[in-house]
Engineer: 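Attaching a single structure in C-alpha cells format; questions to follow.
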Amino acid sequence: MPKPHVAMLLHFRSYTNIDMYEGFANGQLIETGSSHATDNNAETDANTALTYQALTPADNTIFNGEPYKIWMSQDAGFDKAKMLAEVFGGYSATTGSSTTGSTTGSTTGSTTGSTTGGTTPGK
C-alpha cells in the first residue's frame, strides 16, 4: 500500500518572542513499528511513533524545489496567509475574518497541534 503524502508546518517561538515556522510541502509519515495485538482479552495501550520523511515538493516551483522552507515573523514582508498557501496548496484565507484564530486552527487542523505538542498558542 502506498504511503500517504502530507504537508506539515512546525511552529515555535524563540526566547525573544519571535515566531518561527518550518514548512514541508510534501512528505511521508511512516509508522516505524507497531504491534497492537494481544493474545488475551486484556486491553493494551499503544503509543504511535511516526517518522516524517521530507520529500521535494510535487511542484518544483514551491520552495525553489527544496524539501522545506523556514519563515520568521520578524522578516520583512512576512505574510502568514501566503506562508499557509505555500505549504498547504489550495489554502485561501476566508473573507470576513482574519487569517489567525480559528481559521488557522481549522486550516492546519490537527497536524499543527500534534506536531507542536499543543504549544502553538491560539492567535
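Counting from 1, the numbers follow the sequence of the chain as shown.
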Engineer: Do Asn64 side-chain atoms and Glu66 backbone N/O form a donor-acceptor pair below 3.5 Å?
Structural biologist: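 Answer holds: no.
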
Engineer: What's the shortest heavy-atom distance between Leu50 and Leu29, and which atoms?
Structural biologist: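 Nearest pair, atom of Leu50 first, then Leu29: CB-CD2, 4.2 Å.
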
Engineer: Could you state the interatomic distance from CD1 (Ile30) to OG1 (Thr51), rounded to the nearest 0.5 Å?
Structural biologist: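 Going from the CD1 atom of Ile30 to the OG1 atom of Thr51 covers 6.5 Å.
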
Engineer: Taking C-beta and beyond as the side chain, do His5 and Gln28 meet within less than 4.5 Å on heavy atoms?
Structural biologist: yes

Engineer: Taking C-beta and beyond as the side chain, do Phe24 and Leu10 meet within less than 4.5 Å on heavy atoms?
Structural biologist: yes

Engineer: Between Tyr21 (side chain) and Leu9 (backbone), is there a donor-acceptor pair under 3.5 Å?
Structural biologist: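 Side chain of Tyr21 to backbone of Leu9: no pair is present.
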
Engineer: Testing the basics here: between Ala81 and Asp79, what is the closest heavy-atom pair and its distance to 0.1 Å?
Structural biologist: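 That closest heavy-atom pairing would be N-OD1, 2.9 Å.
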
Engineer: Would you tabulate the side-chain donor-acceptor contacts of residues 67-74 under 3.5 Å, counting partners in other chains and residues two or more places apart, or write 'none'?
Structural biologist:
{"residue": "Lys69", "atom": "NZ", "partner": "Glu86", "partner atom": "OE1", "Å": "3.2"}
{"residue": "Lys69", "atom": "NZ", "partner": "Glu86", "partner atom": "OE2", "Å": "3.4"}
{"residue": "Ser73", "atom": "OG", "partner": "Asp19", "partner atom": "N", "Å": "3.0"}
{"residue": "Ser73", "atom": "OG", "partner": "Asp19", "partner atom": "O", "Å": "3.4"}

Engineer: For residues Phe63 and Pro57, report the shortest heavy-atom separation together with the two atoms involved.
Structural biologist: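 Scanning both residues completely, I find the closest heavy atoms to be CD1-CG, 4.2 Å.
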
